[in-house]
J.: 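Dropping the structure in here first, questions after.
Remember, predicted model here, so these are calculated numbers, not experimental data.
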Protein chains: 2
Amino acid sequence: MARLSTKTEAASRGRLNRELVLGAAIALADDSGIESLTMRRLGEELGVEAMSLYNHVANKEDLLNAMVDAVFNEIELPLHSDDWKTAIRKRSVSFRDTLSRHPWATGLKDSGTNPGPATLRHHDRVIGTLRNAGFSIAMAAHAFSALDSYIYGFAMQEKNLPFHTQEETAAMAHAMLAQLPVNDYPYLAELTAEHVLQPGYSYGDEFPLGLDLLLDGLEGWLERHPGDRHPQGMLTESA
Amino acid sequence: MARLSTKTEAASRGRLNRELVLGAAIALADDSGIESLTMRRLGEELGVEAMSLYNHVANKEDLLNAMVDAVFNEIELPLHSDDWKTAIRKRSVSFRDTLSRHPWATGLKDSGTNPGPATLRHHDRVIGTLRNAGFSIAMAAHAFSALDSYIYGFAMQEKNLPFHTQEETAAMAHAMLAQLPVNDYPYLAELTAEHVLQPGYSYGDEFPLGLDLLLDGLEGWLERHPGDRHPQGMLTESA
DNA sequence: ACCTGAACACCGTTCAAGT
DNA sequence: ACCTGAACACCGTTCAAGT
């Protein structure tokens, strides 16, 4: 039979490699949550004993690091053809989407401690976009920190919400309102009743509002500090 | 005399209660990291077998929930005597400080899933401050989401940094620069060399910049939507 | 070169038994 | 009412042994 370059073929052949392990680990974390990702369970998923995984992965931490870098690889890089604000907004939305597809990646300490090549490239491109738009080094650092803090934090809050579908949201909000001592928390009760319980509410819709707040603020910075403008083309990169 | 650890204190008392368990758990997580917080280790710290803890705590999740709520209790509530911007800025800085004292609390899913009374009161006060400043319900929800996303995300990034002291930062940045393929990541290299490695650099200093970006943007919202002004004093609360 | 079985030092949690 | 010892069903990881 011709070779099918698929997971099943390789797995059934008893041939394992790092990429295969990584893919199965991400799929398992996506489908069953990061707490289901144990070496034994992952081995089972691949038709192999847990101990075999150590031939392709140094240890679990190495596996988690590689998973996070694979996630960063899914984020759209800012495009040189877009103006900086559009480019950064697009990649920020893509970042959020990616984290919401792989919620376990939010808050895994490894991106800060041991960034992989995809993570480094992503960071480099974002900083480069800001620099070429005229942000000084310090302002680019500030902007980068502010944007990514917001995106990470939003993804984390979204992940930790007790509801994810419209129905769950409504049910949860009703339950909360019923249990909540309304006199103790009048503003929380008001917000739950008249915002969260409104038809069509979805927490994810809050994302662009905060994002545009930051982007508009950054644009204001840039306009107020034209003297910091970075000589265009001093540092260029190929697409 | 040397300070008495909670261990000896609790052991000599021989009487355990929920508050004692909670305090020891928080101290252990602060000092040794959340991964060191196991029921067995916590029991040891309190001079008791792990199984005894279940007399005061339903299970580990219950313990973690209670720990998070205790952390929220440390955050300064917004003051009625301050204007909204000052009040929100102060509580935001206090929030960040608190999370940086208890980094393990960042990203513990429990605040969203099972908020305790301190968490609820904190949220209620923040929303109330915004409402009384003239934010509509929807705008208060947006503002709350944007601010807390930023604060959570900042705390998480700070927690996940591979360095915490000035010396560590410099050493780490030097090591990164040495290892980094500079041609692949020119902007990252530039930012590391000319920003992170500058004397006096501390990542924590980035916090107020992003915070003021958000607060100024929210103020702009408010000025542009005076029609949404909430009747003052309609909902009041006692301090 | 890759995979495995057995083993080690851990986890959270239960439960009957003690005081 | 509170604490304990033993036990259960898990973890990540090592290592000698197999192929």
J.: On the 0 to 90° scale, with breaks at 30° and 60°, tag the Y201(A)-H195(A) ring pair as parallel, tilted or perpendicular.
T.: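 Aromatic pair Y201(A)/H195(A) classed perpendicular.
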J.: When every nucleotide of nucleotides 8-14 of chain D is labelled 5' to 3' by its protein contacts under 4.0 Å (heavy atoms), B for base, S for sugar-phosphate only, - for none, what sequence of letters results?
T.: ---BBBB
J.: Please confirm whether the backbone N or O of L188(B) pairs with a side-chain atom of T192(B), one donor and one acceptor, at under 3.5 Å?
T.: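 Yes: the side chain of T192(B) pairs with the backbone of L188(B).
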J.: Take atom CG of L46(A) and atom C1' of dC3(C), then tell me their distance rounded to the nearest Å.
T.: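 The answer, rounded to whole Å, is 13 Å.
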J.: Do the side-chain N or O atoms of S52(A) get closer than 4.0 angstrom to the phosphate oxygens (OP1, OP2) of dC2(C)?
T.: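 No.
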J.: F207(B) and F95(B): aromatic ring centres closer than 6.0 Å?
T.: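 No, the ring centres sit 6.0 Å or more apart.
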J.: How close or far is atom C1' of dC3(C) from atom CG of L16(A), stated in whole angstroms?
T.: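 Atom-to-atom, L16(A) to dC3(C), this comes out as 10 Å.
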J.: Nearest 0.5 angstrom please: K60(B) NZ to D62(B) CG, how far?
T.: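 It comes to 13.0 Å.
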J.: Under 3.5 Å, sequence neighbours excluded: what are the donor-acceptor pairs made by side chains of residues 32-40 of chain A?
T.:
| from | atom 1 | to | atom 2 | distance (Å) |
| --- | --- | --- | --- | --- |
| S36(A) | OG | S32(A) | O | 2.9 |
| T38(A) | OG1 | R41(A) | N | 3.0 |

J.: Between D31(B) and R101(B) (salt bridge meaning N to carboxylate O under 4.0 Å), is one present in this structure?
T.: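 R101(B) and D31(B): not salt-bridged.
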J.: Does the separation of the ring centres of F72(B) and H123(B) fall below 6.0 angstrom?
T.: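 That pair passes the under 6.0 Å test.
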J.: Nearest whole Å is fine: how far is dT19(C) C1' from N55(B) CG?
T.: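 Nearest whole value for this atom pair: 13 Å.
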J.: Let me check I have this right: for DNA chain C, each base becomes ., (, ), [, ] or |, based on Watson-Crick or G-U pairs with both distances under 3.5 Å. What is the full string?
T.: ||.|||||...|||||.||
J.: Salt bridge check: are D97(B) and K90(B) linked by an N-O gap of less than 4.0 Å?
T.: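 The answer is no: the pair does not qualify as a salt bridge.
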